[in-house]
Amino acid sequence: MADGRGAAGPAGSAGGAGLEVRLDRAAGAPAPWQQVHDQVVAAVDDGRLVPGDRLPTVRALAEELGVAAGTVARAYRALEASDVVSTASRAGTVVRDRTAQRGDAAARAAAASLARECLAAGLDDDAALSLLRGALAAARGR
C-alpha cells in the first residue's frame, strides 16, 4: 500500500488508506515504532483514518519505511493494546470504532471506582460481585 511515490526514500515515508508515515531518523527522535504508533493515532484522531480502514501489512510497511518488521509489529501491538486497531488474520489490521470505546472507557472507570470502594469497605470479591449484579438487575428494572 504505497503512498504513490514508490518505496520509501531517504525521508522514510510510507502509507496508504489515509495514512502517511514519515520517520524522523535524527538523533533524539522517538524510536521508529513509537513514531509509527503516534502517526497512526494522529491519523485516526483527525479523521484521515476511519473505522474499517485497513493499515498496510507489517511486512509491507516495514519494507517501505526501511525498518525491521518487528519495529512495525511493535507499533501495531501498542495500537491494539490501546484499542485503536484490531488485527484478524484474514482481515488484516483495521481501525476500530472508537465511539463505542468512549463508553467502554467510562464503564471501566466506574468499575475501577467501584472496586476501590468495595476494597475500602472490606468486601471480598464475591460480595463485591453480588453488589454489582444487584445494581445491574435494578438498572434493568428486574
Does the side chain of H37 come within less than 4.5 Å of S82's, by heavy atoms? yes
Below 4.5 Å, heavy atoms only, C-beta onward: do S86 and V94 meet side chain to side chain? yes
Please find the pair of heavy atoms, one from R22 and one from Q39, that lie closest to each other, and give the distance. O-NE2, 2.7 Å
Atom pair CG (L131) and CG (D126), whose distance is rounded to the nearest 0.5 Å: 11.5 Å
Hydrophobic cluster membership, L114 vs L136, 4.5 Å side-chain cutoff: yes
Output the distance between atom CG (L61) and atom CG (L55), rounded to the nearest 0.5 Å. 8.5 Å
Considering non-hydrogen atoms only, spot the tightest contact between V58 and Y76 and give its length. CG2-CD2, 3.6 Å
Search all heavy atoms of D24 against all heavy atoms of A29 and return the closest pair with its distance. O-CB, 3.3 Å
Using every non-hydrogen atom in the two residues, find where A43 and D46 come nearest and quote the distance to one decimal. O-OD1, 3.0 Å
Nearest atoms (heavy-atom pairs only) where D53 meets R48: OD2-O, 3.9 Å
Nearest-0.5 Å distance that lies between atom CG in L23 and atom CD in Q35: 5.0 Å
Does one hydrophobic cluster hold both V67 and V36, with members joined at side-chain heavy-atom distances below 4.5 Å? yes
D125, CG atom: more than 12 neighbouring heavy atoms under 6.0 Å: no
In short, P56 meets L19 closest at the heavy-atom pair CD-CD2, 4.0 Å
Decide yes or no for V85 and R77: does some side-chain heavy atom of the first lie under 4.5 Å from some side-chain heavy atom of the second? no
Going by heavy atoms in the side chains, are L49 and V40 under 4.5 Å from each other? yes
When you group the ILVMFWY residues by side-chain heavy-atom contacts below 4.5 Å and let the links chain together, are V44 and W33 in the same group? no
So, do T87 and E80 sit near enough that their side-chain heavy atoms are less than 4.5 Å apart? yes
